[in-house]
Amino acid sequence: MADTSLNPYLRAQQAFKEAVDTLGVEPAAYEILKQPLRSFEVAVPFVRDDGSVQVFTGYRVQHNDALGPTKGGLRFHSDVNMDEVKALAMWMSVKCALLNLPYGGGKGGIACDVDQLSEREIERLSREYIRAVSLVIGPDKDIPAPDVSTNPQIMAWMVDEYSRIRGENTFGLITGKPLVIGGSAGRVAATGRGLVFATRQLATELGIDFSKSRIAVQGFGNVGSVAAEISHQLGATVVAVSDKDGGLYNPAGINIQDLLEYKRVNRNLQGYPHAEPIDNKELLELPVDILFPAALENQITSDNAHNIQARIVGEGANGPTTPEADRILFDKGVMVVPDVLGNSGGVTVSYFEWVQNQTRFYWSEEEINQRLESYMSRAMADMHTMHERFGVTLRKSAYLVATERIAQAMRIRGWLR
Ligand code: NAD
């Protein structure tokens, strides 16, 4: 039977409803959390290279700021729409609260196809977007960051535009910036590194020695390649990796350093001589201890969840496991590091970047990595406490930790009376 696929916004609402009911907190908490506090839709006119003016639609959503200013990425993609941005903002509220960051969730973006735009056009569009939302964002209000099809260069143009409007350098406006203008050491590798931290901790709790584990990684981009590389450095045997064109398998293990060099030279994984080709479906079902889905959403579904042999699924991607597959894995005893924890290394180091910008005091990469590990460990422990208290999946436990924290802030601020 096919999975029930729900609108992501309705799915996010449902998750908050379950958490509020399970915790037994005031029903008003759900009434507030079920929609964003503020949603902005803006027209973004910009000049094309041929001199014509085109207008795109931009969005910025601030879900809940009880714990602090809102925080979340900016996505440039033709599918961006208000419901998606709202759902992503709600999901950021969960991540920030779970990691105990002093932030609420936000998200934004522009509905556009960046492949149709020149670099100069992307710059003008990015600057116009900032002009359009400049009144509602700010280092103590709402702090954007990169997401799909946005990058440190775009963040640099945006922080420059905002600084011009304000008449002062305001590096704390945005995170994911280049190092030279207040970016943080360790930011690029943070998501993959955090995924390995969280998964290794869960493995240890389950009596699995991470350094002796066998690992398969779906997706060899920013998140997957870093997770594979760090796992390899920690002594684990990475037996399979894949990208959108297919995968590689070597039961004796793949030398990830060597593969990264091969990819750098050849631009893709295909043809690597020290492993056999494997398709993405086979990769997910290999006999491994740990599976890292780090590519796309909806990869583990009711069709293949029964065949997953890994003991731990560490979610690097957003939403790689459908709700139905989640239930199947839970019944099979497969533990899932949920995406809200698994890929939260990025927002955690973004928080460190903002702290460094606000204090003008910069930390070494070693300090960043140590702090990241301690934040992830604490979130994991908090999630476990809820898991033991309510006997629910780690994903539901993550929502319980986050909802309890946000509700507590709303209660003490007098919002729930
Ligand atoms: P990326 O574009 O750098 O890499 C994605 C990888 O997935 C590429 O190697 C691509 O070839 C591969 N891929 C695409 N389709 C595939 C398929 N069908 N099968 C196998 N591999 C496939 O992206 P990323 O930044 O690594 O992000 C990956 C996931 O992690 C996304 O879901 C993203 O939302 C999530 N995420 C990323 C970050 C971050 O800091 N980069 C933070 C939070 C969440």
- When rounded to the nearest 0.5 angstrom, what distance separates CD1 in Ile328 from OG1 in Thr301? 8.0 Å

- Item | All ring-ring contact (aromatic ring centres under 6.0 Å, His included) counterparts of Phe56, not counting sequence neighbours | Phe46

- In Å, rounded to the nearest 0.5 Å, how long is the span from CE of Met90 to NZ of Lys107? 14.0 Å

- Query: For atom CZ of Arg360, is the number of surrounding heavy atoms from other residues, nucleotides or ligands below 6.0 Å larger than 12?
  - Reply: no

- More than 12 foreign heavy atoms under 6.0 Å from NZ of Lys332: is that the case here? yes

- side-chain contact (heavy atoms from CB on, under 4.5 Å) evaluation trace for Glu229 with Leu260: CA-CA 9 Å; Glu229 189 182 10; Leu260 283 166; 3.6 Å; yes

- Side-chain H-bond candidate by donor/acceptor type, Tyr162 with Arg166, under 3.5 Å: yes

- Indicate yes or no for a side-chain donor-acceptor contact from Glu128 to the backbone of Leu125 under 3.5 Å, with no hydrogens or angles considered. no

- Kindly compute the distance separating CZ (Phe352) from CG (Asn369), expressed to the nearest 0.5 Å. 9.5 Å

- Query: Gln309 side chain to Glu285 main-chain N or O, any donor-acceptor pair under 3.5 Å?
  - Reply: yes

- Message: Is the distance between the ring centroids of Tyr103 and Trp354 under 6.0 Å?
- Response: yes

- Query: Would a distance-only check, ignoring hydrogens and angles, find a side-chain to backbone donor-acceptor pair under 3.5 Å from Asp339 to Gly342?
  - Reply: no

- Once you round to the nearest 0.5 Å, how far does OG of Ser134 lie from CZ of Arg127? 13.5 Å

- Message: Any side-chain to backbone donor/acceptor pair from Tyr129 onto Val42? Under 3.5 Å, distance only.
- Response: no

- Message: Between Gln356 and Ser184, is there a side-chain donor-acceptor contact under 3.5 Å, judged purely by atom types and distance?
- Response: yes

- Should Ile110 and Thr57 count as side-chain neighbours, where that means a heavy-atom distance under 4.5 Å? no

- Query: With a cut-off of 6.0 Å (strictly less than), are more than 12 heavy atoms of other residues, nucleotides or ligands near CD of Glu168?
  - Reply: yes

- Is Arg413 reaching over with its side chain to a backbone N or O of Ala66, donor-acceptor style, under 3.5 angstrom? yes

- Task: Check the pair Lys86, Gln35 against side-chain contact (heavy atoms from CB on, under 4.5 Å), reporting the backbone distance first and the verdict last.
- Result: CA-CA 8 Å; Lys86 283 181 176 175; Gln35 71 260 295; 6.0 Å; no

- Does the Glu315 side chain pair with the main chain of Pro320, one donor and one acceptor, at a distance under 3.5 Å? no

- Message: Within the structure provided, determine whether Leu37 and Ile32 are in side-chain contact (heavy-atom separation under 4.5 Å).
- Response: yes

- Task: Could you tell me whether Arg327 sits above the aromatic face of Phe330, with NZ or CZ closer than 6.0 angstrom to the six-membered ring centre and within 45 degrees of the axis?
- Result: no

- Message: Has Glu367 got a side-chain atom pairing as donor or acceptor with Trp363's backbone, closer than 3.5 angstrom?
- Response: no

- Message: Walk me through whether Phe292 and Ser231 qualify under side-chain contact (heavy atoms from CB on, under 4.5 Å).
- Response: CA-CA 11 Å; Phe292 286 132; Ser231 301; 3.7 Å; yes

- Nearest 0.5 Å please: distance from the CG atom of Asn304 over to the OG1 atom of Thr321. 9.0 Å

- Message: Check Asp21 with Lys17, please: is the shortest side-chain N to carboxylate O separation under 4.0 Å?
- Response: yes

- State, without any angle test, whether Ser93 and Asn64 hold a side-chain donor-acceptor pair at a distance under 3.5 Å. no

- Task: Please determine, by modelled atom types, if Gln201 and Ser377 share a side-chain donor-acceptor pair under 3.5 angstrom.
- Result: yes

- Query: Can you tell me if CZ on Arg411 sees more than 12 non-hydrogen neighbours from other groups inside 6.0 Å?
  - Reply: yes

- Message: Closer than 3.5 angstrom, by distance alone: can the side chain of Tyr262 be matched with the main-chain N or O of Gly271 as a donor-acceptor pair?
- Response: yes

- Message: Under a plain distance cut-off of 3.5 Å, with no hydrogens placed, do Asn357 and Tyr362 share a side-chain donor-acceptor pair?
- Response: yes

- Non-hydrogen atoms of Gln299 and Glu297 that approach each other most closely: NE2-O, 3.2 Å

- Query: Are Lys244 and Asn280 close enough that a side-chain donor and a side-chain acceptor fall under 3.5 Å?
  - Reply: no

- Query: Would you call the rings of His63 and Phe16 parallel, tilted or perpendicular if under 30° counts as parallel and over 60° as perpendicular?
  - Reply: parallel

- Item | Between CD1 on residue Ile254 and CG on residue Leu259, distance to nearest 0.5 Å | 6.5 Å

- Message: Quick test of your reading of the model: are Glu373 and Arg200 salt-bridged, counting only N-O distances below 4.0 Å?
- Response: yes

- Task: With salt bridge (Lys or Arg N to Asp or Glu O under 4.0 Å) as the test, would you mind laying out the steps for Lys263 and Asp243 before giving the verdict?
- Result: CA-CA 11 Å; Lys263 188 184 166 189; Asp243 67 11; 5.6 Å; no

- Message: What verdict does the side-chain contact (heavy atoms from CB on, under 4.5 Å) test give for Tyr249 and Val239, after you've listed the backbone C-alpha separation in whole Å, the side-chain angles of each residue and the deciding distance to 0.1 Å?
- Response: CA-CA 6 Å; Tyr249 180 45; Val239 296; 4.0 Å; yes

- Message: Taking Arg405 first and then Asp382, would you say they form a salt bridge - that is, a charged N and a carboxylate O separated by under 4.0 Å?
- Response: yes

- Message: Strictly by salt bridge (charged side-chain N to carboxylate O under 4.0 Å, His left out), give each pair with a member in residues 49-58 just once, sequence neighbours left out.
- Response: Asp49-Arg124

- Message: For the backbone of Asn268 and the side chain of Asn266, can you confirm whether one donor and one acceptor N or O come within less than 3.5 Å of each other?
- Response: no

Counting only pairs under 3.5 Å, give me each side-chain donor-acceptor contact of residues 67-82, with atom names and distances, residues two or more places apart or in other chains.
unit_1 : atom_1 : unit_2 : atom_2 : d
Thr70  : OG1    : Lys141 : O      : 3.3
Thr70  : OG1    : Asp142 : OD1    : 2.9
Lys71  : NZ     : Ile143 : O      : 3.2
Lys71  : NZ     : Pro144 : O      : 3.4
Lys71  : NZ     : Thr175 : OG1    : 2.8
Arg75  : NE     : Asp147 : OD2    : 2.5
Arg75  : NH2    : Asp147 : OD2    : 3.0
His77  : ND1    : Asp79  : N      : 3.0
Asn81  : OD1    : Asp83  : N      : 3.1
Asn81  : OD1    : Glu84  : N      : 2.9
Asn81  : ND2    : Asp79  : O      : 3.0

